[in-house]
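Below is one structure, written out as structure tokens; the observations come after it.
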Amino acid sequence: MHVNLFDVQAGFGGAKPGTQAVTVEALTGEMDRLDIARALVRTLPDDLDGDAVRSNATLFRAAAADNRLVPCPVVLPAALGDVPGEAEQASCALAAGARAVCIRPDKDGWSLEPWCAAVLFEALAARRLPVLCDQKHVTTAQVAALAAAWGDLPLILAGAGYRQMRTLVPLMTAFANVYFSIGSNFTVHGGLESLAARIGADRLLFGTGLPDAEGMMAITQLMYADLADEQKRLIGAGNLERLIGEVRS
């Protein structure tokens, strides 16, 4: 059985201290090797990334040159006037081909509290732009608060590990707008089966964690899971394609 794969947890262009940036060619080469059809991409690793505007421009150029890459740019509040307004950020992202955005409030120096971020999330919710929340930058408690405040806005939780299952299941039970990437660091024996049974396969998204992680781990986890073929197809690409199709321009 062939399962189409749309990677929700991938990136290029970033670097850690003492390392070189990961190139677009390196990412697409891995996609070719692993038979990953499309990828939602952002700056990864983002340890040395302090300029969201520049990083977003790099993502947009790469996506314009390769339609397998769907940009997932960084968005942030515009109170200082050093970035375009929140609505303009969302509109420009959509015009450049983005179908999701990511947030990293800790790194970019802003708060998720309404007094700081409400205008941003209003702009994202109006367009139903999925928001990728990596556990490196956004805690589970913060995801829950956002999910409660913005019930129509899809939130994609990524980077959760096996020790968070006791929190992940009640989180996704409580908030139907929270989706979960099965990519790194999620390596749980029977984890996909458990989440599919308790939450539903329609809330799970395929992700690898490239370039920090070996992508075959997530593929093996999906393909060898004790799930129906249709459930695997939903996780592999169908669920993300559905979310993208619901974005409002």
Side-chain angles (χ1 to χ4, degrees), residues 6-14 24 38-44 46 49-134 137-138 142-143 145-158 177-179 181 205 207 237 239-249:
F6 192 162
D7 191 348
V8 73
Q9 195 179 338
F12 67 90
V24 178
R38 299 175 76 193
L40 191 69
V41 293
R42 54 200 168 106
T43 297
L44 286 176
D46 61 6
D49 181 36
D51 189 339
V53 173
R54 181 177 180 180
S55 297
N56 291 345
T58 299
L59 291 176
F60 297 151
R61 285 194 299 270
D66 189 335
N67 61 13
R68 296 176 299 170
L69 305 179
V70 180
C72 182
V74 176
V75 291
L76 60 161
L80 284 182
D82 57 337
V83 296
E86 291 86 349
E88 184 179 350
Q89 288 181 58
S91 296
C92 289
L94 286 169
R99 290 300 178 268
V101 297
C102 64
I103 56 171
R104 31 180 224 191
D106 61 333
K107 187 170 190 64
D108 294 321
W110 55 280
S111 171
L112 286 167
E113 292 297 320
W115 48 263
C116 182
V119 175
L120 174 63
F121 284 96
E122 286 171 0
L124 301 177
R127 294 158 178 81
R128 212 171 187 278
L129 258 175
V131 181
L132 194 145
C133 304
D134 195 310
H137 300 298
V138 187
Q142 289 173 323
V143 171
L146 290 173
W150 306 97
D152 291 331
L153 180 63
L155 303 174
I156 301 171
L157 178 61
N177 56 328
V178 175
Y179 296 77
S181 170
L205 307 175
N239 294 331
L240 183 55
E241 289 171 349
R242 185 185 73 250
L243 286 178
I244 284 176
E246 294 171 351
V247 172
R248 303 169 185 144
S249 58

(Q) Tell me which one of Leu124, Val75, Leu94 satisfies side chain to side chain contact (heavy atoms under 4.5 Å, CB included) with Gln89. (A)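 Only one of Leu124, Val75, Leu94 forms a side chain to side chain contact (heavy atoms under 4.5 Å, CB included) with Gln89, namely Val75.
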
Q) Taking Phe12 as the fixed residue, which of Leu44, Thr58, Thr43 is the one that meets the side chain to side chain contact (heavy atoms under 4.5 Å, CB included) rule? A)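 Among Leu44, Thr58, Thr43, the one meeting side chain to side chain contact (heavy atoms under 4.5 Å, CB included) with Phe12 is Thr58.
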
Q. Would you say the side chains of Arg127 and Ser91 form a donor-acceptor pair under 3.5 Å?
A.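 A pair is found: one side chain offers a donor N or O, the other an acceptor, under 3.5 Å apart.
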
Side-chain heavy-atom pair [X], [Y] within 4.5 angstrom cut-off:
{"X": "Leu243", "Y": "Tyr179", "value": "yes"}
{"X": "Val24", "Y": "Leu69", "value": "yes"}
{"X": "Asp46", "Y": "Asp134", "value": "no"}
{"X": "Pro71", "Y": "Asn56", "value": "no"}
{"X": "Ile244", "Y": "Pro130", "value": "no"}

Backbone N or O of [Y] within a donor-acceptor pair of the [X] side chain at under 3.5 Å?
{"X": "Glu86", "Y": "Phe121", "answer": "no"}
{"X": "Arg128", "Y": "Pro154", "answer": "no"}
{"X": "Asn239", "Y": "Leu205", "answer": "no"}

Solution key, residues 110-119 side-chain donor-acceptor pairs under 3.5 Å, sequence neighbours excluded:
| residue | atom | partner | partner atom | Å |
| --- | --- | --- | --- | --- |
| Ser111 | OG | Glu113 | N | 3.0 |

Q. Between CD of Gln9 and SG of Cys72, what distance do you get to the nearest 0.5 Å?
A.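 Nearest 0.5 Å value for the CD-SG distance: 11.0 Å.
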
Q: State the CG-CG distance between Leu153 and Leu146, to the nearest 0.5 angstrom.
A: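 Result: 8.0 Å between the selected atoms.
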
Q: Please name all residues satisfying salt bridge (Lys or Arg N to Asp or Glu O under 4.0 Å) with Asp66, sequence neighbours left out, ordered by chain then number.
A: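 Only Arg68 meet the salt bridge (Lys or Arg N to Asp or Glu O under 4.0 Å) criterion with Asp66.
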
Q: Mind jotting down which residue pairs meet the side-chain hydrogen bond (donor to acceptor under 3.5 Å, both in side chains) criterion with at least one end in residues 97-107? Sequence neighbours excluded, please.
A: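 Found Asp49-Arg104, Arg104-Asp108, Asp106-His137.
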
